[in-house]
Amino acid sequence: NRKLLSTVEDHPTDAISRTGVVPVLVSCLQSSSHSLLLQVLSTLQVLTFEQSLMVVRYGALPLLVQLFNSKDPLVCEQALCVLDNICHDNECFDDINVDGFIERLLFFVNDRTPTSLLRGVSRTLSHLCSIKSSFESICKSIQRILPALVSLVQKEDIDVKAKASWALSYLAANQIQ
C-alpha cells in the first residue's frame, strides 16, 4: 500500500498533515478503544516519509513499542507494521532506543507467535540490520539477535526465512565494513 501511495501526486494522507491531526493520532495510540486503536494504526501505516518524520517528532515511537504488550496479536502486528515502515525510512529510526525496541521485538521469536507476526518481526529485524547508523546499537544486542535470527531461519515460512537471511547478510556486510 505504502509504495503504491507514494507514487501518487496528491497523496491521500497529505490532508492528515495539513489539518494538524497528527498529534491527535499519536495521542490515540494510548486509547483503550480497540477499534480506534486499529484504525489509527492502519492510518499510520500508509504515511509518506515526511509524515512518518512528523509522527516520530510527536512521540509515537515509545507508544508504538508499548503496544507490543497488547494481548491482541493484531494490535501487535499493526504496531510492528508502523514501526517497520519508520525503520525502513532509516533516518527516522535513529530517534528510537534501538536496544529497548530490539528486546521487545525478540520477545516474539517463539513457537507461540503467529506466522503473520513472525513475518513482521523478521522483516523489521532485516531493516534494522541494514541501517548503518544503528549498527553500533545492533552490535550491543548481537548476542540476543543472532540466536533469534537462527531460530527464524529455521521456521517453515519462506518469507520469515528470507527476511531473517537478509538480516544475517546485512550484519555480515556491516561487520566487514
Side-chain angles (χ1 to χ4, degrees), residues 1-3 28-46 52 55 60-90 92-176:
N1 291 351
R2 192 171 195 225
K3 285 182 183 179
C28 287
L29 292 174
Q30 299 175 73
S31 173
S32 59
S33 167
H34 189 259
S35 60
L36 174 62
L37 191 55
L38 288 174
Q39 184 60 48
V40 168
L41 287 168
S42 65
T43 301
L44 293 177
Q45 285 180 44
V46 296
S52 290
V55 167
L61 294 177
L63 299 174
L64 288 163
V65 171
Q66 281 181 328
L67 290 175
F68 286 175
N69 295 329
S70 173
K71 295 197 186 318
D72 182 347
L74 185 57
V75 169
C76 294
E77 194 173 329
Q78 298 279 327
L80 180 57
C81 222
V82 174
L83 281 164
D84 181 58
N85 285 341
I86 292 169
C87 177
H88 190 23
D89 286 337
N90 292 338
C92 285
F93 203 73
D94 290 341
D95 295 336
I96 196 168
N97 171 347
V98 176
D99 192 46
F101 174 60
I102 289 171
E103 281 301 316
R104 295 284 178 90
L105 199 57
L106 296 180
F107 172 77
F108 292 114
V109 181
N110 63 64
D111 292 334
R112 298 176 312 279
T113 302
T115 300
S116 58
L117 188 51
L118 282 176
R119 286 181 187 137
V121 168
S122 60
R123 182 180 58 244
T124 304
L125 281 170
S126 175
H127 287 147
L128 268 176
C129 292
S130 73
I131 302 171
K132 288 181 179 38
S133 63
S134 69
F135 188 67
E136 188 175 311
S137 295
I138 296 289
C139 283
K140 291 177 188 172
S141 304
I142 201 81
Q143 290 181 333
R144 294 182 309 273
I145 292 174
L146 283 176
L149 290 173
V150 168
S151 175
L152 290 168
V153 167
Q154 294 173 0
K155 298 292 182 192
E156 290 186 28
D157 186 83
I158 193 73
D159 292 331
V160 171
K161 284 182 183 210
K163 292 300 182 183
S165 296
W166 275 110
L168 288 167
S169 173
Y170 292 133
L171 286 176
N174 283 333
Q175 185 65 38
I176 292 168

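Atoms CG and CZ, from Leu125 and Phe108 in turn, are 11.5 Å apart once rounded to the nearest 0.5 Å. Between Leu37 atom CG and Ser42 atom OG the span is 10.0 Å, to the nearest 0.5 Å.
Residues Leu149 and Val109 form no side-chain contact, since every pair of their non-hydrogen atoms from C-beta on lies 4.5 Å or further apart. Counting heavy atoms from C-beta on, the side chains of Leu63 and Leu67 never come closer than 4.5 Å. Residues Ile142 and Leu171 form a side-chain contact, since some pair of their non-hydrogen atoms from C-beta on lies under 4.5 Å apart.
Checked by atom type and distance alone, the side chain of Thr113 never pairs as donor or acceptor with a backbone atom of Leu118 at under 3.5 Å.
The two atoms that bring Ser122 and Ala164 nearest to each other are CB-N, 4.1 Å, heavy atoms only. Residue Ala167 comes nearest to Cys129 through the heavy atom pair O-CB, 3.7 Å, listed as atom of the first residue, atom of the second, then distance.
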Item checked: Asn85/Val46 under side-chain contact (heavy atoms from CB on, under 4.5 Å): CA gap, chis, key distance, verdict -> CA-CA 9 Å; Asn85 285 341; Val46 296; over 6 Å; no
Check: Do Leu105 and Leu128 pass the side-chain contact (heavy atoms from CB on, under 4.5 Å) test, and can you show the C-alpha distance, the side-chain angles, and the key distance before you say yes or no?
Finding: CA-CA 11 Å; Leu105 199 57; Leu128 268 176; 4.1 Å; yes
Checklist line | side-chain contact (heavy atoms from CB on, under 4.5 Å) between Leu64 and Leu41, intermediate numbers included | finding: CA-CA 9 Å; Leu64 288 163; Leu41 287 168; 3.6 Å; yes
Next item on the list: List the steps and the verdict of side-chain contact (heavy atoms from CB on, under 4.5 Å) for Val55 and Leu61.
Entry: CA-CA 8 Å; Val55 167; Leu61 294 177; over 6 Å; no
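A salt bridge (Lys or Arg N to Asp or Glu O under 4.0 Å) check over residues 28-44, counting only residues at least two apart or in different chains, returns nothing. Listed by first and then second residue, the salt bridge (Lys or Arg N to Asp or Glu O under 4.0 Å) pairs that reach into residues 34-44 come to none, sequence neighbours excluded. Legend: side-chain hydrogen bond (donor to acceptor under 3.5 Å, both in side chains) pairs involving residues 157-166, not counting sequence neighbours, sorted by first then second residue: Arg119-Asp157. Within the structure, the side-chain hydrogen bond (donor to acceptor under 3.5 Å, both in side chains) test picks out the following pairs touching residues 61-76 (sequence neighbours left out): His34-Asp72.
In terms of the salt bridge (charged side-chain N to carboxylate O under 4.0 Å, His left out) criterion, residue partners of Arg123 (sequence neighbours excluded) are, by chain and number, Asp84.
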Validation: residues 74-81 side-chain donor-acceptor distances under 3.5 Å, sequence neighbours left out:
unit_1	atom_1	unit_2	atom_2	d
Glu77	OE1	Ser116	OG	2.9
Gln78	OE1	Gln45	NE2	2.2

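The neighbour count for Asn110 CG, taken as heavy atoms of other residues, nucleotides or ligands under 6.0 Å away, is above 12.
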